[in-house]
Amino acid sequence: MKMSVGKVLYLLLIGVSITACNPKVDVEVCKQEILQVDEEFSDFSVKHGMKKAFYVFADDSAVMLRENSYPIMGKEAIKQLFSNTNDSGFSLSWKPSFAEVAQSGDLGYTYGIYHYTTPDTITKGTYVSIWKKGSDGKWKYVLDSGNQGLGEE
């Protein structure tokens, strides 16, 4: 059976379209990516300050949930939240304990333990961040929340 060039091109186009609509996503690679970006976020916070870190790593639509506060919505609102904060007298760092990523490979979350360090004490708590992969391939957090309560060292 002989196929015309048109039919071959048509079948090839359909095959490419199906593959393009359902790309294979390596979820394990994506998990490692968001664990790495979460650690980079923490390192940036230690080196450059908390308020700059929470701005730089935020998606434009990011939301922060904080105790006794309505949700802080949007990157500019997050910047405003920290505008009067002097973060030179303390350090905020964290270590992700776990990551999970959607099969689509563009949404995931991390959680772990944070350390709020002042010259006198270290206070620990838990956090969760939800991450979204942008069209540029970079992960940005879209939601961040933390809870105090693990005590002081």
*Side chain of S45, backbone of L92: donor and acceptor closer than 3.5 Å?*
yes
*May I have the step-by-step check of side chain to side chain donor-acceptor pair (under 3.5 Å) for E76 and Y55, ending in yes or no?*
CA-CA 8 Å; E76 293 306 314; Y55 182 77; 2.8 Å; yes
_Assess the residue pair E28 and Q32 against the criterion (side chain to side chain donor-acceptor pair (under 3.5 Å)); give the C-alpha distance rounded to whole Å, side-chain angles, the decisive distance to 0.1 Å, and a yes or no._
CA-CA 6 Å; E28 292 305 315; Q32 292 308 309; 5.3 Å; no
*Report the C-alpha separation of W139 and F57 in whole Å, then their side-chain angles, then the decisive distance to 0.1 Å, and conclude whether the ring pair (Phe, Tyr, Trp, His ring centres under 6.0 Å) test is met.*
CA-CA 8 Å; W139 290 95; F57 284 80; over 10 Å; no
_Run the side chain to side chain contact (heavy atoms under 4.5 Å, CB included) test on E33 and K133 for me, step by step, so that the C-alpha distance in whole Å, both residues' side-chain angles and the decisive distance to 0.1 Å come before the verdict._
CA-CA 10 Å; E33 288 174 357; K133 189 181 238 181; 3.1 Å; yes
*Begin from the C-alpha positions of K95 and E39 and carry the test side chain to side chain contact (heavy atoms under 4.5 Å, CB included) through to its verdict.*
CA-CA 6 Å; K95 178 81 173 156; E39 289 179 8; 3.0 Å; yes
*Between L81 and F44, is there a shared hydrophobic cluster once you connect ILVMFWY residues whose side-chain heavy atoms come closer than 4.5 Å?*
yes
_Check for me whether R66 meets the cation-pi criterion with F82, that is, NZ or CZ under 6.0 Å from the six-membered ring centre and within 45 degrees of the ring axis._
no
*In Å, rounded to the nearest 0.5 Å, how long is the span from NZ of K124 to OG of S93?*
11.5 Å
*asked:* Determine whether L65 and D144 satisfy the following criterion, side chain to side chain contact (heavy atoms under 4.5 Å, CB included), listing intermediate values before the conclusion.
replied: CA-CA 6 Å; L65 302 178; D144 182 79; over 6 Å; no
*Give, for atom NZ of K75 and atom CE of M64, the distance between the pair rounded to the nearest 0.5 Å.*
13.0 Å
_Quick one, T85 and M50 - any side-chain contact, counting heavy atoms below 4.5 Å?_
yes
*Output, in order, the C-alpha distance, side-chain angles, deciding distance and verdict of ring pair (Phe, Tyr, Trp, His ring centres under 6.0 Å) for Y127 and Y114.*
CA-CA 7 Å; Y127 77 93; Y114 73 79; 7.3 Å; no
_Would you say that T110 contacts W131 through its side chain, given a criterion of any heavy-atom pair below 4.5 Å between the two side chains?_
yes
*Report the relative orientation of the aromatic rings in F98 and Y109; use parallel for angles under 30°, tilted for 30 to 60°, perpendicular for over 60°.*
tilted
*Where is the tightest heavy-atom contact between S97 and G112, given as atom of each residue plus distance?*
OG-CA, 3.5 Å
*hydrophobic_cluster_shared for Y111 and L35, side chain cutoff 4.5 Å*: no
*Ignoring hydrogens and angles, tell me if any N or O in the side chain of T117 forms a donor-acceptor pair with the backbone of I122 under 3.5 Å.*
no
*asked:* Please report the interatomic distance OG(S129) to OH(Y141), rounded to the nearest 0.5 Å.
replied: 8.0 Å
*asked:* Under 4.5 Å between side-chain heavy atoms, counting indirect links through other Ile/Leu/Val/Met/Phe/Trp/Tyr residues: same cluster for V142 and V128 or not?
replied: yes
*Just say parallel, tilted or perpendicular for the rings of F41 and F54, cut-offs at 30° and 60°.*
perpendicular
*Stepwise, does the salt bridge (charged side-chain N to carboxylate O under 4.0 Å, His left out) test hold for K51 with D87?*
CA-CA 7 Å; K51 64 183 180 180; D87 58 3; 5.0 Å; no
*Close side-chain approach of K140 to K132, heavy-atom, < 4.5 Å*: no
*To the nearest 0.5 Å, tell me how far I34 CD1 sits from E40 CD.*
12.5 Å
_Cluster check I130, I113: I/L/V/M/F/W/Y, side chain < 4.5 angstrom_ = no
*What do the steps show when you test T121 against T118 for side chain to side chain donor-acceptor pair (under 3.5 Å), and what is the final call?*
CA-CA 5 Å; T121 61; T118 67; 3.2 Å; yes
*If every non-hydrogen atom of A102 is compared with every non-hydrogen atom of V27, which pair is closest and at what distance?*
O-CG2, 4.1 Å
_If you apply the rule side chain to side chain contact (heavy atoms under 4.5 Å, CB included), what do you find for S104 with V25, and how did you get there?_
CA-CA 7 Å; S104 61; V25 173; 5.9 Å; no
